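Data block below; observations after.
Values below: all heavy atoms of this structure, side chains included; hydrogens, waters and symmetry mates excluded. So you know, we letter chains A, B, ... as the sequences are listed, proteins then strands, and number each from 1. Just so it is clear, the structure is predicted and the values come from calculations on it, not from any experiment.
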Amino acid sequence: MDTKSLATLLFDASLPTLEEISNTYPRRNLKEGEKVTRMAPSPTGFMHLGNLYAALTSERLAHLSGGTFYLRIEDTDQKREVEGGVQAIIDGLSHFGLNFDEGALVEGEKGIYGPYRQRQRAKIYQAFAKDLVEKGMAYPCFCSEDELSDLRARQEAEKEDNLGYRGKWAKCRSLSLEEVEERLAKKMPWVLRFKSEGSIDNKFKFTDLVKGDLELSENDMDVVILKSDGIPTYHFAHVVDDYLMGTTHVVRGDEWIATLPIHLQLYRAVGLKAPKYMHIAPLMKMDGSTKRKLSKRKDPELALAFYKQEGYVVNCVMVYLMTLLNSNFEEWYAQNPDKSYRDFPFSPKKMSVSGALFDLVKLDDVSKNELAKLSNTELYALLETYTKEFDKEFYHIITAQKDKVLEILNIGRVGPKPRKDIAKLSEIKDYISYFFPELYQPDYQFPENISEEDRNLLITEYKDIYDENDTQDEWFQKIKDLSEKHGFTSNMKEYKKNPEAFKGNVAQVSTVLRVQICGRQNTPDTYEVFRVMGNELVKARLSL
RNA sequence: GGCUCCAUCGUCUAAUGGUUAGGACGCCGCCCUCUCAAGGCGGCAAUAGGGGUUCGAAUCCCCUUGGAGUCACCA
């Protein structure tokens, strides 16, 4: 077979030479230990927590080493592409604080290793493919979809363990130059297949930075490297791009381990050095009684957009993801509560080899702790941004009374043990609604052991004695006095010993006042609440 | 089904052949307390099963079972 002629037959003469290509893509000049990683999504317009998790791993690895994190768009499958998909990816990640040093932008791109959109790199892949054809390592295949499914059917009938276009089944392997010419003349569509010399019986060892030592079989399938539209498959594009763009560490989901032998084989064939690999375990989710990896199609509630909409604060989500990423992060963070997750000495060695279940309850706990660290002004700023996008009504209310809202958010926030009762921004509206007449929806559930008569008496008398200038001690003394006056003890210990001796206790009296004024049974410290609420509103709500 | 990987409380995990199998979340109880949240103290809760190797196994080996992933002109 005259492979040079075959190559000329198949490819445009205007393709750049490999030398020209390597001149356009200089090797990166990296310092010792400096890493270059990338995120390489297909622009399907949908990102979920699992994508963010993988992106965070890549980003941390690069930036902790002083290296580069870039974005490459894998748009080789036009069918799956969604309008605005690139925008969704970039917006999603930048919302969560992950920024790219180079690569695709919504419009255009930055960096000298572009284009960063694979479809625009068609000629580059074709040049490498042509070279493989010339070397006799790739060949055109004219098999139709029907022929391929026939092939699979025959293999299954023969109880073949390894299905696929390989060895003796690869009939286009043996096409002569004339036969190829003839089919080309008939305008038959073709794909380019890599001619595998590997054998499934040959095992080799491979060291993955996360998974450790793996024993894999050589690939023996003649995989498609260029599709009939001249665009490469993932396998080929990955090999070419990650070399040319100088990726040092490929971080990707462990579903790629199965095809790793293909990639290593292709690297050898094109004569380029393979990067290091980190195959990370995917985030899992409970589906009925079994767990499975997060899916774009099945788990819309895990979309990044969903978390934003729910008001999960970026830093909280990131801290939670870090706890999943490195088992020793939590301990480190507990000892360094004032540091950013970005300061954590993340290590691939500490990554889990099997997939972790995504735990919303734990995320809430992490979030409450994080939000408790914020000042009232910081929390207000987050709330303002959030409500502006997702709750216009509330946005107008809080911006019109910003000082009041700041005071409300400050209740129980200062001091060594700040309240931890907010997990996400969407909860704040209900949490503080009773301060605002326009949101107030009282639910009057009074203590059942206090008669309506006593209750009304307590409320009416309290209205007369409440003074917003009282200190906390004076304030509470008044409530105690009021309680005692009507037969409710202010001594909780006494009450516990002998509840029958009293009508009730001061806690119940306080609850009456809380419910009457706040319209609910649970609030922060009512002294603070009443004070922030203001004399006028407190007195108004005490008016029966 | 073939191949690859994985297996410690419900969940995330620690324990590099010698620990009383540790922590965190959740749950339960008690304390504190004007309610709630927080906080403090305590409790429930795990080495999938079976064989080896060894003075000694969660840890090393084998088998079984279970789980995940993958077998496209998708990535």
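- Rounded to the nearest Å, the gap between the C1' atom of B:C6 and that of B:U59 is 16 Å.
- Comparing B:A37, B:U35, B:U13 by their closest approach to the side chain of A:Ala356 singles out B:U13.
- No cation-pi contact links A:Arg514 to A:Phe530, judged by a cut-off of 6.0 Å to the six-membered ring centre and 45° from its axis.
- Distance noted for atom C1' between B:U16 and B:C60: 12 Å (whole Å).
- Between the side chain of A:Asp525 and the base of B:C34 there is at least one donor-acceptor pair of N/O atoms closer than 3.5 Å.
- Within 4.0 Å of A:Lys285, counting heavy atoms only, lies no atom of the nucleic acid at all.
- The side chain of A:Lys293 places an N or O atom within less than 4.0 Å of a non-bridging phosphate oxygen (OP1 or OP2) of B:U70.
- As rounded to the nearest Å, B:C74 and B:G69 have C1' atoms that lie 16 Å from one another.
- Look at NE2 on A:His48: it is 12 Å from C1' on B:A75, rounded to the nearest Å.
- Side-chain contact check for A:Arg166 versus A:Asp222: every heavy-atom pair is 4.5 Å or farther apart.
- Under the 6.0 Å distance and 45° angle rule, A:Arg455 counts as a cation-pi partner of A:Phe446.
- With hydrogens and angles left out, the side chain of A:Thr511 and the base of B:C34 share no donor-acceptor pair within 3.5 Å.
- No engagement by A:Met221 is indicated, since no non-hydrogen atom pair under 4.0 Å with the nucleic acid exists.
- The base of B:C36 does not come close enough to the side chain of A:Thr523 for any donor and acceptor atom to sit less than 3.5 Å apart.
- Of the candidates B:C74, B:U4, B:U13, B:U13 carries the atom nearest the A:Ser327 side chain, counting heavy atoms from C-beta on.
- When the C1' atom is compared between B:C9 and B:U4, the two are found 29 Å apart, to the nearest whole Å.
- The 5' end of RNA chain B is approached more closely, in terms of each residue's nearest nucleotide, by A:Asp213 than by the other of A:Asp213 and A:Pro189.
- In this model, the phosphate group of B:G40 is not approached by any side-chain N or O of A:Lys417 to a distance below 4.0 Å at OP1 or OP2.
- Across all strands, A:Lys159 comes closer than 4.0 Å to no nucleic acid atom at all (heavy-atom distances).
- The interatomic distance linking A:Leu151 (CG) with B:A72 (P) rounds to 11 Å, in whole Å.
- Taking atom P on both B:G49 and B:C5, the two are 23 Å apart, rounded to the nearest angstrom.
- Among the protein residues, A:Glu74 comes within range of the sugar-phosphate backbone only, with heavy atoms under 4.0 Å from sugar or phosphate atoms but none that close to a base.
- When the P atom of B:U16 is taken as reference, atom NZ of A:Lys349 falls 16 Å away, rounded to whole Å.
- When the side-chain nitrogen and oxygen atoms of A:Ser352 are compared with OP1 and OP2 of B:U13, one or more of them lie within a distance under 4.0 Å.
- Comparing B:U4, B:C6, B:U70 by their closest approach to the side chain of A:Ser354 singles out B:C6.
- Residue A:Asn505 is out of contact with every strand shown, counting any heavy-atom pair closer than 4.0 Å.
- At B:C74, one or more side-chain N or O atoms of A:Lys227 fall inside 4.0 Å of OP1 or OP2 (strictly under the cut-off).
- Comparing B:G43 with B:G67, their C1' atoms sit 31 Å apart, to the nearest whole Å.
- Within a 6.0 Å radius of NZ in A:Lys123, no more than 12 heavy atoms belonging to other residues, nucleotides or ligands are found.
- Nearest nucleotide to the A:Asp365 side chain, out of B:C25, B:C74, B:C34: B:C25.
- Here A:Gln472 lies in heavy-atom contact (under 4.0 Å) with a base.
- Pair check for B:G18 finds B:C55; Watson-Crick or G-U wobble, both atom distances under 3.5 Å.
- Side chain of A:Asp77, nearest nucleotide from B:C74, B:C73, B:G2: B:C74.
- Base-pair partner of B:U47: not found among the strands shown (Watson-Crick or G-U wobble, both distances under 3.5 Å).
- Residue A:Glu145 is classed as having no contact, given no heavy-atom separation below 4.0 Å to the nucleic acid.
- Cation-pi contact between A:Arg193 and A:Tyr165: present, with separation from the ring centre below 6.0 Å and deviation from the ring axis of at most 45°.
- Nucleic acid contact for A:Leu260: none, since no nucleic acid atom lies under 4.0 Å from a heavy atom of the residue.
- Rounded to whole Å, the separation between the P atoms of B:A48 and B:A21 comes to 15 Å.
- Between A:Arg166 atom CZ and B:G2 atom P there is a gap of 15 Å when expressed in whole angstrom units.
- Looking at heavy-atom distances under 4.0 Å, A:Asp421 makes contact with sugar-phosphate atoms alone, never a base.
- Distance, A:Arg520 CZ to B:C36 C1': 11 Å, rounded to whole Å.
- Per the geometry, CZ belonging to A:Arg292 stands 12 Å off C1' belonging to B:A68, to the nearest Å.
- Here A:Pro282 lies out of heavy-atom contact (under 4.0 Å) with every strand.
- Among B:A75, B:C5, B:C73, the nucleotide with an atom closest to any side-chain atom of A:Thr76 is B:A75.
- Using a 4.0 Å cut-off between charged nitrogen and carboxylate oxygen, A:Asp229 and A:Lys227 do not count as a salt-bridge pair.
- For B:C71, the paired base is B:G1 (Watson-Crick or G-U wobble, both distances below 3.5 Å).
- Side-chain atoms of A:Lys424 never come within 3.5 Å of backbone atoms of A:Asp364 as a donor-acceptor pair (strictly under, hydrogens ignored).
- Note on A:Ser42: only backbone sugar-phosphate atoms sit closer than 4.0 angstrom, heavy atoms only; bases stay farther off.
- Spacing between atom NE2 of A:His279 and atom P of B:C3 amounts to 20 Å, rounded to whole angstrom units.
- Annotation: B:A58 and B:C25 have their C1' atoms spaced 23 Å apart (nearest Å).
- As a whole-Å value, the separation of A:Asn369 CG from B:A37 C1' is 12 Å.
- Among the nucleotides B:A75, B:A37, B:A24, the one closest to any side-chain atom of A:His235 is B:A75.
- With the nearest nucleotide of RNA chain B identified for both A:Asp254 and A:Cys143, A:Asp254 has the one nearer the 5' end.
- Look at B:G39: its Watson-Crick or wobble partner, with both distances under 3.5 angstrom, is B:C31.
- At the heavy-atom level, A:Val191 lies under 4.0 Å from base atoms of the strands shown.
- Across all strands shown, B:G10 pairs with B:C25; the Watson-Crick or G-U wobble distances both stay below 3.5 Å.
- For A:Arg413 against A:Leu371, the heavy-atom pair with the smallest separation is NH1-O, 2.9 Å.
- For the ring pair (Phe, Tyr, Trp, His ring centres under 6.0 Å) with A:His263, the qualifying choice from A:Tyr243, A:Phe194, A:Tyr234, A:Phe236 is A:Tyr234, the only one to do so.
- In this pair, A:Tyr466 and A:Tyr462 present their aromatic rings tilted. The plane angle is within the 30 to 60° band.
- In this structure, A:Trp475 reaches the bases: a heavy-atom distance under 4.0 Å links it to at least one base atom across the strands shown.
- Contacts of A:Arg252 with the nucleic acid, taken as non-hydrogen atoms under 4.0 Å apart, are absent.
- Taking 4.0 angstrom as the limit, A:Lys350 places none of its side-chain polar atoms (N or O) nearer than this to OP1 or OP2 of B:A14.
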